[in-house]
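A note on names: the letters A, B, ... follow the listed sequences, proteins ahead of strands, and every chain is numbered from 1. Keep in mind that the numbers below use all heavy atoms, side chains included, and drop hydrogens, waters and symmetry copies.
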2 protein chains.
Amino acid sequence: MGSLDANCIASPRGFSPLDIDDFRQQAHQTVEFICEYYKGIESHPVVPQVEPGYLRRLLPETPSAQPMPFAKVLSEVQATVLPGMTHWTNPNFFAYFPATLSSAALCGDLLASALNPVAFNWLSSPAVTELESLTLDWLAQLIRLPKGFLFSAGGGGVLQATTSEAVLCTLVAARKMVLERAGHDGADKLVVYASDQTHSTFAKACKIAGIAPANIRIIPTAREDLFSLRPDSLRAAMEADAAAGLLPAYVCATVGTTSSTAVDPVAQLAEVAGRFGAWVHVDAAYAGSACVCPEFRHHLDGPHKWLLTGLDCCCLWVRDRARLTTSLSTDPEYLKNRATESGLVVDYKDWQIGTGRRFRALKLFMVMRCYGTANLQSHIRSDVRMARGFEEMVAADTRFEVVVPRRFALVCFRMRPRRAGADGEAEADAANRRLLEEVNNSGGIYATHTVIGGIYVIRFAVGTTLTEERHVKAAWELFRAKADAAWEAAQ
Amino acid sequence: MGSLDANCIASPRGFSPLDIDDFRQQAHQTVEFICEYYKGIESHPVVPQVEPGYLRRLLPETPSAQPMPFAKVLSEVQATVLPGMTHWTNPNFFAYFPATLSSAALCGDLLASALNPVAFNWLSSPAVTELESLTLDWLAQLIRLPKGFLFSAGGGGVLQATTSEAVLCTLVAARKMVLERAGHDGADKLVVYASDQTHSTFAKACKIAGIAPANIRIIPTAREDLFSLRPDSLRAAMEADAAAGLLPAYVCATVGTTSSTAVDPVAQLAEVAGRFGAWVHVDAAYAGSACVCPEFRHHLDGPHKWLLTGLDCCCLWVRDRARLTTSLSTDPEYLKNRATESGLVVDYKDWQIGTGRRFRALKLFMVMRCYGTANLQSHIRSDVRMARGFEEMVAADTRFEVVVPRRFALVCFRMRPRRAGADGEAEADAANRRLLEEVNNSGGIYATHTVIGGIYVIRFAVGTTLTEERHVKAAWELFRAKADAAWEAAQ
Ligand SMILES: Cc1ncc(COP(=O)(O)O)c(C=O)c1O
Ligand SMILES: Cc1ncc(COP(=O)(O)O)c(C=O)c1O
């Protein structure tokens, strides 16, 4: 033991991992490292050219006892980690949905990490809770949620790490709500609904919550409805279940589906669900952010990926917060306190799966404060404008087609089939798959695919924070240039 | 729309929230802000003197359209957020379990935020996945987990945001494992087990997973066993359930309980559980970190709060990773890719609740690399030494007693009853409650309480990163100085 202690960094106070001077120096070094990284961001291939297991060949198999100088660790990160990154901040990244970011969010997040409050309840850090409640009220106003979702009206918002957790928490609350009405032994009678375009996280949340597969209704959508969930399909499914003695409990509607940004008609679906007393959750993980602009607002009658806050900042609002908290609350002796007993405070541990939680509100606050809502709107509009430009270029090339009309900043397109019928479709699928591979293998850009209505489609999602019009134009040139050869090669 | 756009920050490129020069300047400003904060940390009361709703009186009710200069936002945070913080980094914070932190973790986390990879599967950022697998293998070796928990042996580790999620994921995996063996309609026959000292997160995870309250066995512990779960109690409960046709499925053992750092005898409990084919999960949220020191290793035959990484870095290892992934996997078209199909890669979305995930491994990597395991060991030992010092001071004052022997860096103590019997106990409870209130109200330190074995106990948890011996000594002086008056006032 003594001999191990002798390995410590020499310091009058022994090992002091939060020494202010060390931190200052290391943090400034890290900031410069990041600036260099952003400066050279376009020189990295968007998707790395590494094989599974590459990192184990570069780093030791066992942890080392000795400390390593900070600068050397940064160099090691540069040499081993960066070459294996898919660069989500590269302006040529058009895959999935982009993860947006900003200086204000980075600084807010750093500050939150430095404060490091565990903030499970109000008392354990009042400012964390109060800032979260307030910023979510701000955002609710900005996206014009009905007043019932504000704290003053008995609703309220919470920041979750992921959309998946938000779905799971509301599903659990819905189960409690319906079972209280129906009597507690009805758990195996609960039925949940979503469209076939709903993110896979819905099915996962159902699995985690223990909803039997037989009680999960995945309702088909069609191309002629632009892949949105029809209220009459929902009604038919709910009526059949109710007639069979089952309990319709939960509908997961989506505003901006992952495949094609389809928009489910939330108001009409809510009207149907309301007749059966079911909970309606709206997954707007991507498109919710667009609702900061009035012109996109009509899509939403709940944002996380597109508001510049970086990862793990998923906003969830509920109309009746007591429904959520009664289904998730715990009250162990070691957390009992007067503030909680007073009933005057929000204890966010009862709004989420975990106990502890990061101070996520700080970055959202700093984004809203530093930029103002006008800039957030112009940011969304700028992405949409670039996507519209891309859509127009696709439409102008007769070899290509836009498969579903663009609504936000995702363009779903493909090379057209060259003959009608199933064989033509199969050829087109193969050719588009090949085209996407060739474009991605070029290293210059990264886009991904989906299959909707049986059609293989290329998804081109505009919106990393650094993307400019020139990147979008160059990406289109790449698709154009590779189109014919990809078609030939695939046949 | 045009008029709103006119509100943008003037810039040749329009609104550019990730402009490198802006970021450099703002990030350096934030670092200096943090250094000032740490410098003055002891001047803040540990627990803020604010009333519920204080923040709404300081900030506007609606978001503003206009941007605010960065420096002004930082001043606003200083003036409105800091006064409402419970300062978890204050060296006089002895409440709950401390959230430890380090310069390496802060820098690693900043870098992770700047890279902002969504990293749900290998392809979406290979380095994120591989660094996580590797660092968890490192840590598994350091705490000497059995080899079966390493990736090379079919096990593996994952970083989760909270312990609660880790419990929930393993519970879901256990359910699937047992139901596959027993036939799928046995869901309502599954029984889960834990002691009455288990963190409330266990009960919450059961609720979320849909385990019926009637199937949750909370087994009592006793002071004479130091509040650890007895293997014979577990066996009796499992035998009774099995005899009744139920299916023992999951045991949540704890190494280092929240109330008093009790240690359940993991090997013996696992032996009992094994006979019934039940899954054993070990919650070592706090004490797992201590196992980086060989002398604490015997407590564990399975870290998050004590390894300097800051919040949201909970390590979970499993012996058979397929059990976890088959119960949590999803395979939507838009995430299909060759790397996944090859079977050669880890897709961490199938190890957790969410889809997206932060690059948490980077801060753990930087902590392990920058400090080396020798320093991590000396960090743990230093906290334990300070707690031992506190324990000795308590034991030397005849008015006080240590209620359960200290094992790690938490001391559970109280003023002794002044007479035997229930009345004496009730007086002591009231007096200790009063003492804790007075000490906390002084603003100088913050400690919390629990009730174990019916006794009101003050928990004194040593270990914020900045805590030194002098803080511990001063805290003890405060308890001593207030003891007699608190006793009088409470009677
Ligand atoms: C033993 C134990 N388990 C679980 C938890 C809850 O952890 P989390 O906040 O990560 O969910 C705690 C928190 O203090 C704990 O001490
Ligand atoms: C509509 C939608 N819902 C849910 C998710 C999953 O989000 P998370 O990673 O936050 O769980 C996504 C991810 O792209 C999404 O597009």
Please examine the side chains of [Y] and [X], heavy atoms only from C-beta on, and report whether any two atoms are closer than 4.5 Å.
| X | Y | answer |
| --- | --- | --- |
| A/E32 | B/R24 | yes |
| A/T201 | B/T330 | no |
| B/V128 | A/M85 | yes |
| B/R56 | A/S133 | yes |
| B/W138 | A/P60 | yes |
| B/Q26 | A/M366 | no |
| B/I208 | A/L328 | yes |
| A/L335 | B/T448 | no |

Chain B contact via [X] - which portion, at a heavy-atom distance below 4.5 Å:
| X | result |
| --- | --- |
| A/Y54 | both |
| A/P69 | neither |
| A/A27 | both |
| A/R175 | side chain |
| A/I211 | neither |
| A/A119 | backbone |
| A/L168 | side chain |
| A/A114 | both |
| A/V77 | side chain |
| A/P117 | both |
| A/Q141 | side chain |
| A/L362 | side chain |
| A/K72 | neither |
| A/V47 | side chain |

When rounded to the nearest 0.5 angstrom, what distance separates [atom1] in [X] from [atom2] in [Y]?
| X | Y | atom1 | atom2 | result |
| --- | --- | --- | --- | --- |
| B/Y371 | A/F70 | OH | CZ | 8.0 Å |
| A/Y38 | B/D19 | OH | CG | 12.0 Å |
| B/F33 | A/L110 | CZ | CG | 11.0 Å |
| A/K363 | B/S113 | NZ | OG | 6.0 Å |
| A/F15 | B/S382 | CZ | OG | 10.0 Å |
| A/Q352 | B/E165 | CD | CD | 8.0 Å |

Quiz item: Checking heavy atoms, do the side chain of B/L74, its backbone, both or neither come under 4.5 Å from chain A?
Solution: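 Interface part for B/L74: side chain.
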Quiz item: Is it the side chain or the backbone of B/A209 that comes within 4.5 Å of chain A heavy atoms, both, or neither?
Solution: both
Quiz prompt | Enclosure of B/E333 CD (heavy-atom neighbours >12, cutoff 6.0 Å) | solution =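 Check passes, neighbour count above 12.
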Quiz item: For B/E51, does the CD atom have more than 12 heavy-atom neighbours from other residues, nucleotides or ligands under 6.0 Å away?
Solution: no
Counting heavy-atom pairs under 4.5 Å to chain A, which of [options] comes out on top?
| options | result |
| --- | --- |
| B/V346, B/V345, B/L123, B/T62 | B/T62 |
| B/P17, B/G354, B/S64, B/A212 | B/P17 |
| B/I452, B/D22, B/D188, B/L59 | B/L59 |
| B/V172, B/D21, B/T89, B/L55 | B/L55 |
| B/G210, B/A205, B/C35, B/A203 | B/C35 |
| B/M368, B/R357, B/M68 | B/M68 |

What's the shortest heavy-atom distance between [X] and [Y], and which atoms?
| X | Y | result |
| --- | --- | --- |
| A/S103 | B/L18 | N-CD1, 3.7 Å |
| B/V73 | A/C370 | CG2-SG, 3.8 Å |
| A/T86 | B/P126 | OG1-CD, 3.4 Å |
| A/I34 | B/F23 | CG2-CE2, 3.5 Å |
| A/A65 | B/T373 | CA-OG1, 3.0 Å |
| B/V50 | A/W122 | O-CH2, 3.5 Å |

Quiz prompt | Under 3.5 Å donor-acceptor, A/T162 side chain and B/I353 backbone | solution =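 No, the answer is negative, given that no donor and acceptor are paired below the 3.5 Å cut-off.
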Quiz prompt | Test item: A/K207 side-chain N/O and B/S329 main-chain N/O as donor-acceptor pair under 3.5 Å | solution =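 Flag set: sc A/K207 to bb B/S329 pair under 3.5 Å.
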Practice problem: Just do the side chain to side chain contact (heavy atoms under 4.5 Å, CB included) check on B/L111 and A/V81 with the steps written out, would you? | Solution: CA-CA 11 Å; B/L111 194 47; A/V81 175; over 6 Å; no
Quiz item: Would you call the rings of B/H28 and A/H28 parallel, tilted or perpendicular, where under 30° means parallel and over 60° means perpendicular?
Solution: tilted
Practice problem: Specify whether A/Y334 and B/H199 have parallel, tilted or perpendicular ring planes, treating 30° as the upper limit for parallel and 60° as the lower limit for perpendicular. | Solution: tilted
Quiz item: Is the ring centre of B/Y96 less than 6.0 Å from the ring centre of A/F120?
Solution: yes
Self-check item: Selection from A/L344, A/D331, A/T135, A/T355 maximising heavy-atom pairs under 4.5 Å formed with chain B
Solution: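 Sorted descending by pairs with chain B, the first entry is A/T355.
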Exercise. Apply side chain to side chain contact (heavy atoms under 4.5 Å, CB included) to B/V118 and A/W88, showing your working.
Key: CA-CA 8 Å; B/V118 184; A/W88 285 69; 3.3 Å; yes
Quiz prompt | Pair A/E76 + B/R369, salt bridge at N-O below 4.0 Å | solution = yes
Quiz item: In terms of side-chain geometry, is the basic nitrogen of B/D109 or A/R358 positioned less than 4.0 Å from the acidic oxygen of its partner?
Solution: yes
